[in-house]
Amino acid sequence: MTGHFDSLETRPAEAREGALMARLPSLVEHAQRNARGWARRLKDVEPHEISSRKALAQLPVLRKSDLKALQESDPPFGGFVAVDPGRLSRVFLSPGPIFDAEGTGDDPWRAARALYAAGIRAGHIVQNCFGYHLTPGAWMIDGAARKIGCAVIPAGVGQIEQQIEIIRALAPDAYAGTPSFLRMIVEKAREASLDISNLKRALLAAEALPPSLRDWFRGQGIDTVLQWYGTADVGLIAYESPAMEGMILDEDLILEIVRPGTGEPVSDGEVGEIVVTSFNEAYPLIRFGTGDLSAVLPGISPCGRTNVRIRGWLGRADQTTKVRGMFVHPEQVAELAKRFPQVRRARLVVEGERADDRMTLKCELDGEVPQAADGSDSLAAQLAGALREVTKLRGDVEFVARGALPNDGKVIEDARTYE
């Protein structure tokens, strides 16, 4: 299916760059004037001087990994929201925990472009299988679909049998959610010999989508399988088109790729941390470091969209790791270790392939592993329960010999394979 969401997607690169740079001074001034966190952070900055990429690169990077501490010191948003909290549309609590703010208006997360690029049009039905509880992912898709003119099935996560019944009864045109949950739906339908072949489109996010899994979905009759990439703070950042040559940047953002741990932009093609500036009046973000790695691709997409393309998600610039669509932070692993004096060192290892994420908390202990009276490993059970409580995710616990964990400073190891 051809066509673009609007004329902004096909404008000359020079026109786009000029328009974005012209908006920068007003964004900086708005943030300074209306958000005390930005006023503190940019106290010596003259807004009218921030009108080029070179000037922008002189400003500090606000990294997502710092938000938890900043929000704790200046609740609830660290002083970075530019309106009174009661004037927001919704407030979310993402893992960390981090509070996220949704502005007002239709499609406040700007995600409609991603749906439109996937062939979703007015009159279609979207089965939205992102979680509606506390986190914003589902609401991004919900608002975007309704802006286009679609009906939304707020299916959420879980209840696979019911999800299949909905697909068979309402014949949605598209699935939106994580790759792993779609795989579970398709496999369950196959096991029960239930026909869900009417589902032809899938818009996926929050997990890696290796080529083998994308091909597997197509082999099950889902013709269009595309990804979009965003964060709970920014909303949509980039999305795939049917050309499937990289991910195309949203029109309302300025992208920088910087050397991890610094604010220094790298050369096009070099892998670095994704840093974005978002023109969001309610929640302005200036040089926001996502913690995700990517690189800029040369040229423009064969689909005709002229904006910058990135290679997609290439891993994490820090140890904060996304597991089954949820962020797990190093601070959470440290909290687990503090709860149990027997744990000398702990390391959370994330493994899996084809979006089948598995977590194992590996622990070195001081002394022997204590056993319960019935012979069961009570400490492992307690640790597993605490792991689920702190991260909201299930995981295994493994005790290793003292000195077995590498002395490399890591508390979270991403050992997943993506090919």
Side-chain angles (χ1 to χ4, degrees), residues 4-28 30-31 38 50-57 59-64 67 80-82 100-103 105 107-117 136-137 140 143-144 147 205 227-241 246-258 263 265-266 268 272-297 300-301 305-314 317:
H4 302 106
F5 185 70
D6 57 26
S7 61
L8 297 179
E9 295 182 349
T10 56
R11 57 183 162 168
E14 297 80 6
R16 177 182 294 107
E17 183 74 359
L20 290 171
M21 293 304 112
R23 297 172 65 187
L24 256 180
S26 295
L27 174 67
V28 173
H30 170 73
W38 286 118
I50 311 302
S51 59
S52 67
R53 285 185 178 270
K54 183 178 179 180
L56 179 64
L59 303 182
V61 173
L62 172 63
R63 287 195 159 82
K64 185 181 182 78
L67 280 183
F80 297 110
V81 168
D100 300 307
E102 180 184 270
D107 192 24
W109 303 99
R110 301 164 288 95
R113 292 186 191 282
L115 274 69
Y116 201 86
M140 295 181 190
K147 180 179 178 66
Q227 301 177 88
W228 65 286
Y229 161 64
T231 73
D233 327 87
V234 179
L236 175 70
I237 293 177
Y239 58 95
E240 286 185 323
S241 77
M247 303 187 81
I248 302 163
L249 184 67
D250 179 61
E251 294 293 325
D252 207 40
L253 299 175
I254 297 173
L255 170 76
E256 298 171 274
I257 304 292
V258 308
V266 301
D268 285 357
E273 182 182 5
I274 296 171
V275 171
V276 295
T277 295
S278 172
F279 296 90
N280 182 333
E281 289 191 5
Y283 193 12
L285 290 170
I286 301 168
R287 300 205 84 201
F288 180 74
T290 63
D292 292 323
L293 296 174
S294 195
V296 170
L297 288 171
I300 64 173
S301 173
R305 293 172 175 85
T306 57
N307 208 343
V308 173
R309 295 176 300 156
I310 59 176
R311 287 175 56 188
W313 186 81
L314 299 178

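Hydrogens, waters and symmetry mates play no part in the numbers below; they use all other heavy atoms, side chains included. Given the structure is predicted, the values throughout are model-derived calculations rather than measurements.
When all heavy atoms are compared, the tightest approach of Ala232 to Asp100 is CB-OD2, 3.3 Å. Pairing each heavy atom of Gly263 with each of Val61, the nearest pair is CA-CG2, 3.7 Å.
Judged by distance alone, the side chain of Arg287 and the main-chain N or O of Leu62 form no donor-acceptor pair under 3.5 Å. The backbone N or O of Gln227 sits less than 3.5 Å from a side-chain atom of Glu240, completing a donor-acceptor pair. At least one donor-acceptor pair closer than 3.5 Å links the side chain of Thr306 to the backbone N or O of Arg11. A donor-acceptor contact shorter than 3.5 Å links the side chain of Asn307 to the backbone of Asp250.
The shortest side-chain heavy-atom distance between Leu285 and Val276 does not fall under the 4.5 Å cut-off. By the 4.5 Å heavy-atom criterion applied to side chains, Phe288 and Leu67 are counted as neighbours. At least one side-chain heavy atom of Ser294 sits less than 4.5 Å from a side-chain heavy atom of Arg311. Contact check for Trp109 versus Leu236: no side-chain heavy atoms found under the 4.5 Å cut-off. Side-chain atoms of Ile274 and Ile257, non-hydrogen and from C-beta on, do get closer than 4.5 Å to each other. Considering only heavy atoms from C-beta on, Leu249 comes within 4.5 Å of Ile237 through its side chain. Here the side chains of Thr277 and Leu24 are in contact, with some heavy-atom distance below 4.5 Å. In this structure, Phe279 and Ile254 have side chains that are in contact, with non-hydrogen atoms separated by less than 4.5 Å.
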Inset, instruction - Apply the test side-chain contact (heavy atoms from CB on, under 4.5 Å) to residues Phe5 and Lys147: give CA-CA distance (whole Å), side-chain angles for both, the deciding distance (0.1 Å), then the verdict. - result: CA-CA 11 Å; Phe5 185 70; Lys147 180 179 178 66; 4.0 Å; yes
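Here the options are Arg110, Arg16, Arg113, Arg305, the test is side chain to side chain donor-acceptor pair (under 3.5 Å), and the partner is Glu251; only Arg16 passes.
The environment of CD in Glu281 is sparse: at most 12 heavy-atom neighbours from other residues, nucleotides or ligands sit within 6.0 Å.
Looking at residues two or more places apart in sequence or on another chain, you find no side chain to side chain donor-acceptor pair (under 3.5 Å) involving Asp268. Here Asp233 pairs with Lys64, Thr231 under the side chain to side chain donor-acceptor pair (under 3.5 Å) rule; sequence neighbours left out. Every residue two or more places apart in sequence or in another chain that forms a ring-ring contact (aromatic ring centres under 6.0 Å, His included) with Trp38 is listed here: Phe80.
One distance of note links OH of Tyr229 with CD1 of Ile310; it measures 6.5 Å at 0.5 Å rounding. Note that CD of Glu17 is 9.5 Å distant from OG of Ser52, once rounded to the nearest 0.5 Å.
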